2 protein chains.
Amino acid sequence: MTRMHKENSLSKNQQIIFDLIDKSPEPLKAYTILYNVQKKGINAPPQVYRALDKLVEVGKIHKIESKNAFVACKNSDCEISKATAFSICESCEVVDEISDIKLSKYLSSFNHKKGMKFKRFNLEFFGLCKKCK
Amino acid sequence: MTRMHKENSLSKNQQIIFDLIDKSPEPLKAYTILYNVQKKGINAPPQVYRALDKLVEVGKIHKIESKNAFVACKNSDCEISKATAFSICESCEVVDEISDIKLSKYLSSFNHKKGMKFKRFNLEFFGLCKKCK
DNA sequence: TTACATGCTGTTATATTATAACAATTCTAA
DNA sequence: TTAGAATTGTTATAATATAACAGCATGTAA
């Protein structure tokens with residue numbers, strides 16, 4: 001049998017759901033994912049949400065909070081999702097992960113006056129993409 | 001000015017809901033708001049969500065996307081919610097609006113390589129606050 | 001070997017968050 | 001005063017997410 005617990009390997013459901021998200025050109029919502037994997041034997045919301053939680057935890061996908069949707073990580077720099085940034089077109093809804101070292105460094109070293117030490121951040125930019133403006 | 005609307009005043013429901021959020025030390029969720037304003041005659045979710053939508057639109061409150069909760073704007077600089085940043089304690093869940101001109105300017109002038117022109121952004125930092133660390 | 005801890009799976013039911021659709025009323029500008 | 005816009009009230013339902021329970025597979029320790 002396959003080894004389930006190696007650090008780099010995904011379980012069956014995790015792999016199915018990651019593959020779907022990874023090949024999607026747009027962020028996918030949990031129930032859209034569910035409908036698309038029911039033919040593979042994933043029948044119920046908790047199965048989807050558990051896989052999503054794990055994939056987020058290990059940094060394979062990110063959640064776009066303003067859309068309740070998930071995208072595959074395209075960025076080797078955002079180790080375990082500590083520093084994520086996205087651009088979101090308000091018209092066509094296209095989402096791109098921003099990978100900008102300077103931005104990432106700037107924000108990672110940002111310190112709040114009130115003495116809070118940040119462990120991670122999520123940044124979402126909104127506007128009109130090239131095609132839509 | 002062609003139109004002298006009631007640009008600065010809130011309707012009854014909007015005012016009730018804004019007051020509740022404004023005096024809360026923590027972000028409030030829509031249904032928490034609903035339970036707390038039922039004694040004032042606001043009975044159903046759409047009434048709450050409509051007021052929230054409007055308050056967000058005019059910049060009196062912000063939505064904390066990662067928590068599906070709302071806070072009053074404490075910051076005269078984020079005109080109509082075009083540039084919002086928050087710090088969120090992962091332990092006690094305290095949320096602070098960050099008002100940092102340099103940060104705001106830096107992000108407002110950030111330009112995506114792919115030619116997208118940004119109209120607004122929302123940034124959420126996570127960590128442990130002074131008390132919790 | 002047995003026992004146990006851990007992680008993944010499957011399932012039913014339910015909780016939480018948000019909107020659709022429609023009618024009535026109030027406010028505002030001309 | 002009157003038309004259009006904004007707001008309100010209401011019922012129903014859609015969309016998003018989790019609780020709670022049980023079973024199975026694998027790795028590790030005794």
Side-chain angles (χ1 to χ4, degrees), chain A residues 1-21 24 26-71 93 95, chain B residues 1-21 24 26-71 93 95:
Chain A
M1 272 296 154
T2 47
R3 302 177 148 224
M4 304 296 218
H5 299 145
K6 284 305 183 184
E7 303 195 351
N8 290 325
S9 71
L10 299 176
S11 75
K12 177 172 134 287
N13 287 0
Q14 289 161 12
Q15 189 69 55
I16 289 168
I17 287 172
F18 175 73
D19 287 345
L20 183 68
I21 296 171
S24 168
E26 62 193 1
L28 293 179
K29 291 172 164 261
Y31 277 73
T32 304
I33 292 168
L34 177 57
Y35 301 141
N36 279 283
V37 297
Q38 284 183 324
K39 50 184 171 288
K40 301 217 163 142
I42 297 174
N43 303 302
Q47 295 175 285
V48 173
Y49 281 101
R50 282 191 295 229
L52 291 173
D53 287 348
K54 186 68 181 182
L55 290 167
V56 166
E57 185 191 323
V58 302
K60 301 282 286 181
I61 65 173
H62 304 303
K63 182 172 187 180
I64 309 298
E65 294 286 355
S66 62
K67 300 171 75 72
N68 298 316
F70 299 85
V71 294
E93 311 252 299
V95 171
Chain B
M1 202 105 308
T2 55
R3 285 196 124 196
M4 279 326 267
H5 239 294
K6 297 176 45 176
E7 310 207 341
N8 291 323
S9 72
L10 300 176
S11 76
K12 178 171 133 285
N13 287 0
Q14 289 160 14
Q15 189 68 56
I16 289 168
I17 287 172
F18 174 73
D19 287 344
L20 183 67
I21 296 170
S24 169
E26 61 194 2
L28 293 180
K29 291 174 163 260
Y31 277 73
T32 304
I33 292 168
L34 177 56
Y35 301 141
N36 279 283
V37 296
Q38 284 184 324
K39 51 183 170 290
K40 301 217 163 143
I42 297 174
N43 302 302
Q47 295 175 285
V48 173
Y49 281 100
R50 283 190 296 228
L52 291 173
D53 287 349
K54 186 68 180 183
L55 290 167
V56 166
E57 186 191 324
V58 301
K60 300 282 288 181
I61 65 174
H62 304 303
K63 183 174 187 180
I64 309 298
E65 295 285 356
S66 61
K67 299 171 76 71
N68 299 315
F70 299 84
V71 294
E93 312 251 299
V95 172

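All chains are named by letter (A, B, ...) in the order of the sequence lines, taking the proteins before the strands, and each is independently numbered beginning at 1. Quick caveat, the model's predicted, so the values are computed rather than measured.
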dG10(C) phosphate, OP1 or OP2, under 4.0 Å from Asn13(A) side-chain N/O: yes
Atom-pair distance (CG on Leu34(B); P on dT19(C)), nearest Å: 15 Å
For Lys67(B) against Pro27(B), the heavy-atom pair lying closest together: CE-CG, 4.4 Å
Atom-to-atom span, CG of Leu55(B) to P of dT8(D) - whole angstrom: 10 Å
Separation of dT7(D) C1' from Gln15(B) CD (nearest whole Å): 15 Å
Between P of dT16(C) and CD1 of Ile33(B), the distance in whole Å: 16 Å
Non-hydrogen atoms of Phe18(B) and Lys60(B) that approach each other most closely: CE1-O, 3.5 Å
Interatomic distance, Lys40(B) NZ vs dT8(D) C1' [rounded to whole Å]: 17 Å
Under 3.5 Å side-chain donor-acceptor pair for Gln47(A) and Asn43(A): no
Length of the NZ-C1' vector between Lys12(B) and dT26(C), whole Å: 11 Å
Closest contact, heavy atoms only, Thr32(A) versus Asn36(A): O-ND2, 2.7 Å
Option from Val71(A), Ile17(A), Leu52(A) for which side chain to side chain contact (heavy atoms under 4.5 Å, CB included) with Ile61(A) holds: Leu52(A)
Contact under 4.0 Å: Gln47(A) side-chain N or O vs dT9(C) OP1/OP2: no
Length of the line joining Leu52(B):CG and dT17(C):P, which is rounded to integer Å: 12 Å
N or O in side chain of Ser11(B) less than 4.0 angstrom from dT8(D) OP1/OP2: yes
Leu10(B) and Leu55(B): CA distance, side-chain angles, deciding distance, side chain to side chain contact (heavy atoms under 4.5 Å, CB included) verdict: CA-CA 9 Å; Leu10(B) 300 176; Leu55(B) 290 167; 3.9 Å; yes
Base-contact (B) and sugar-phosphate-only (S) positions in nucleotides 11-24 of chain D, heavy-atom cut-off under 4.0 Å, - elsewhere: B----BBBBB----
